[in-house]
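Computed over heavy atoms, backbone and side chain alike; hydrogens, waters and symmetry mates excluded. Starting from 1, each residue takes its place in the sequence as its number.
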Amino acid sequence: MSAAEMTADASLPQIMAELGRNARKGASALKIATAEQKRTALLTAAGAINAHRKAILKANALDMAAATEKGISGAFLDRLLLNDARIDGIIAAVKTIAELPDPVGTVISEWDRPNGLHIERVRTPLGVIGVIFESRPNVTADAGALCIKAGNAVILRGGSDSFHSSRALVDCLLDGLHLAGLPVECVQLVPTTDRAAVGEMLKGLDGNIDVIVPRGGKSLVARVQAEARVPVFSHLEGLVHVYVDKSADLDKAVAITANAKMRRTGICGAAETLLVHKDVVDTHLKPIIAALIEKGCEIRGDAQVMSLIPDAIAATEQDWKTEYEDAIISVKIVDSVEAAIAHIEHYSSHHTEAIIAEDGEAVEKFFNEIDSAVIMHNASTQFSDGGEFGFGGEIGIATGKMHARGPVGVEQLTSFKYRVRGNGQLRP
């Protein structure tokens with residue numbers, strides 16, 4: 001049954017149940033696909049994205065026009081936008097994923113027992129992954145490509161604002177699957193923008209979804225965590241901190257903070273709170289803030305920041321809890337690295353944090369005591385990204401502690417099983 005036929009002739013629960021059954025069939029085929037088949041599928045898909053560039057941009061223009069008409073924020077529009085440079089980035093990501101080592105069947109560890117049994121722990125696909133995301137077209141390609149590489153079928157439910165863009169990109173992935181001799185059901189896009197479809201996915205589609213991956217704002221993740229009847233790779237908001245230690249190099253502090261906040265304000269790795277050690281307020285604070293203001297950033301500061309920065313707005317308690325996803329940053333002066341750690345541990349969403357410091361002891365203390373998925377030293381928090389980690393792409397940044405944490409790439413999209421080889425051993 002095609003997507004059009006499902007939409008025309010079936011109720012939403014029937015549509016979604018059919019997607020689940022099709023995905024399970026696709027997963028059965030994909031888990032035994034050869035490494036070369038998967039590589040071929042992805043390289044072909046990358047070529048199709050390039051060949052259909054104009055159609056993808058046209059589809060994105062429809063989404064952008066509709067979003068603009070709704071009065072969507074600039075940060076949201078930035079996440080939604082596709083252009084030639086971003087399509088080049090998508091193509092590069094898919095090609096990188098294609099050339100990664102195939103994780104399926106990899107022996108993670110092996111050992112021999114005194115009784116002669118040989119035991120291996122081996123990577124296996126998870127099965128069917130449901131990805132629910134909000135209006136980031138690149139997630140369509142990243143999630144589809146990563147799932148294929150890891151031997152998983154995927155059901156994609158993107159935001160209604162990116163529906164046309166996602167459909168155009170999925171069509172390119174399907175071209176790759178078809179040429180590689182793999183079922184097109186391995187990658188499916190929910191063929192409706194009805195929000196009730198999310199509820200059906202969270203129920204598990206009659207047991208056919210093995211894992212849900214949400215990628216979006218706090219309300220989406222909260223709903224998924226509250227309603228999901230299948231395991232969830234949590235991707236919470238990116239309430240990201242940058243701490244400037246008393247040992248920080250001034251030039252590094254200025255450049256890194258400006259990049260961490262203002263390179264792209266709408267991504268989850270963008271810095272939202274700046275903490276500055278009291279001993280470098282006189283030397284570091286004003287140059288850092290000046291660089292941020294020059295790039296158009298609004299400053300919300302504590303009392304001391306307010307006294308030193310004329311353009312600053314008084315920060316409220318809510319500011320320390322807010323992922324702005326905009327050109328706004330909250331700034332606080334702290335007495336010590338311990339105070340910075342305490343602030344971060346209290347307010348952080350455990351996504352990404354950075355320390356700018358030359359003191360090795362301060363860095364080690366920060367690394368050891370901060371419990372976030374990604375911790376940076378003297379580097380922009382915007383490197384918190386699967387592509388920058390060498391994963392090719394990511395489905396999201398997992399902020400939970402079970403199974404997957406940090407950028408979710410091909411290895412995080414696998415489980416494992418044990419293979420035990422014997423020669424007639426009997427347990428006494």
Side-chain angles (χ1 to χ4, degrees), residues 238-263 265 269-324 327-372 374-384:
L239 189 48
V240 173
H241 298 76
V242 173
Y243 165 58
V244 178
D245 185 60
K246 65 181 179 180
S247 67
D249 176 86
L250 175 59
D251 290 340
K252 290 178 186 176
V254 171
I256 291 170
T257 304
N259 184 268
K261 175 72 247 184
M262 297 301 295
R263 174 186 165 271
T265 60
E272 306 292 10
T273 295
L274 171 64
L275 305 173
V276 179
H277 194 288
K278 65 180 179 61
D279 288 359
V280 291
V281 166
D282 292 341
T283 55
H284 288 46
L285 181 67
K286 288 184 178 179
I288 294 171
I289 298 302
L292 290 167
I293 292 175
E294 183 181 1
K295 293 180 179 294
C297 187
E298 177 182 304
I299 308 301
R300 299 185 183 179
D302 66 5
Q304 189 173 356
V305 172
M306 288 283 293
S307 70
L308 295 170
I309 307 298
D311 294 329
I313 298 170
T316 66
E317 175 65 16
Q318 187 59 39
D319 283 307
W320 312 120
K321 304 175 182 178
T322 299
E323 181 187 23
Y324 299 112
I328 305 169
I329 194 168
S330 52
V331 185
K332 182 181 181 68
I333 308 304
V334 294
D335 291 338
S336 62
V337 64
E338 290 83 3
I341 291 169
H343 180 98
I344 293 169
E345 285 298 287
H346 182 74
Y347 292 104
S348 176
S349 61
H350 304 294
H351 185 295
T352 300
E353 328 296 347
I355 178 172
I356 305 174
E358 301 303 313
D359 178 1
E361 289 187 10
V363 173
E364 288 307 305
K365 185 175 185 65
F366 193 87
F367 274 18
N368 291 334
E369 297 185 25
I370 293 292
D371 186 22
S372 293
V374 180
I375 311 173
M376 304 281 192
H377 171 222
N378 285 351
S380 170
T381 58
Q382 300 221 2
F383 283 110
S384 186

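Here the CE-CG distance, from Met376 to Asn378, works out to 12.0 Å after rounding to the nearest 0.5 Å. A distance of 6.0 Å separates OH of Tyr324 from OG1 of Thr273, quoted to the nearest 0.5 Å. Rounded to the nearest 0.5 angstrom, Ile256 CD1 and Gln382 CD are separated by 12.5 Å. In this structure, Asp245 CG and His377 NE2 are separated by 9.0 Å, a value rounded to the nearest 0.5 Å. Atom-to-atom distance recorded for Ile355:CD1 and Ile370:CD1 is 8.5 Å, nearest 0.5 angstrom. Of the inter-residue distances, the one linking Ile375 atom CD1 with Glu369 atom CD reads 10.5 Å to the nearest 0.5 angstrom.
No donor-acceptor pair under 3.5 Å is formed between the side chain of Ser380 and the backbone N or O of Phe383. Under a 3.5 Å cut-off, the side chain of Ser349 and the backbone N or O of Leu239 do form a donor-acceptor pair. Here the side chain of Asn259 pairs no donor or acceptor atom with the backbone of Ala255 at under 3.5 angstrom. Under a 3.5 Å cut-off, the side chain of Glu358 and the backbone N or O of Ala248 do not form any donor-acceptor pair. A donor-acceptor pair is defined here as one N or O able to donate and one able to accept, closer than 3.5 Å; no such pair exists between the side chain of Asp311 and the backbone of Ile299. Ser348 places no side-chain N or O within donor-acceptor distance of the main-chain N or O of Glu345, the cut-off being under 3.5 Å.
Scanning all heavy atoms of the two residues, the minimum distance from Thr381 to Ala354 falls at CG2-CB, 3.6 Å. Minimum interatomic distance between Val337 and Ala362 (heavy atoms only, all atoms of both residues): CG2-O, 4.2 Å. For the pair Ala340 and Tyr243, the tightest heavy-atom approach, listed with the atom from each and the gap, is CB-CD1, 3.5 Å. In terms of heavy-atom proximity, Ala327 sits nearest to Gly296 at CB-O, 3.5 Å.
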Self-check item: Thr283/Leu250 under side-chain contact (heavy atoms from CB on, under 4.5 Å): CA gap, chis, key distance, verdict
Solution: CA-CA 8 Å; Thr283 55; Leu250 175 59; 5.7 Å; no
Self-check item: Test side-chain contact (heavy atoms from CB on, under 4.5 Å) applied to Leu308 and Ile333, step by step
Solution: CA-CA 11 Å; Leu308 295 170; Ile333 308 304; 5.9 Å; no
Quiz item: For Ser330 and Asp319, what are the C-alpha separation, side-chain angles and deciding distance, and is it a side-chain hydrogen bond (donor to acceptor under 3.5 Å, both in side chains)?
Solution: CA-CA 6 Å; Ser330 52; Asp319 283 307; over 6 Å; no
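Here the two rings, on Trp320 and His346, have centers that are 6.0 Å apart or farther.
Here salt bridge (Lys or Arg N to Asp or Glu O under 4.0 Å) pairs that include residues 279-293, with residues two or more places apart or in two chains, number zero.
Leu275 places a side-chain heavy atom less than 4.5 Å from the side chain of Ile344. Taking 4.5 Å as the limit, every side-chain heavy atom of Val276 sits out of range of all side-chain heavy atoms of Val305.
When Ile329, Ile309, Val254, Ile328 are each tested for a side-chain contact (heavy atoms from CB on, under 4.5 Å) with Leu292, only one passes: Ile329. For the pairing with Glu272, the salt bridge (Lys or Arg N to Asp or Glu O under 4.0 Å) check across Lys321, Arg300, Lys261, Lys332 returns one residue only, Lys261. Tested against Ser372 for a side-chain hydrogen bond (donor to acceptor under 3.5 Å, both in side chains), the candidates His351, Glu353, His241 yield a single pass: Glu353.
Residues satisfying the ring-ring contact (aromatic ring centres under 6.0 Å, His included) criterion with His277, sequence neighbours excluded, are absent altogether.
Atom CD of Glu294 is surrounded by 12 or fewer heavy atoms from other residues, nucleotides or ligands within 6.0 Å. By the 6.0 Å contact criterion, CD on Glu317 is enclosed, its count of non-hydrogen atoms from other residues, nucleotides or ligands being greater than 12.
Between the side chains of Thr316 and Gln318, no donor N or O sits under 3.5 Å from an acceptor N or O.
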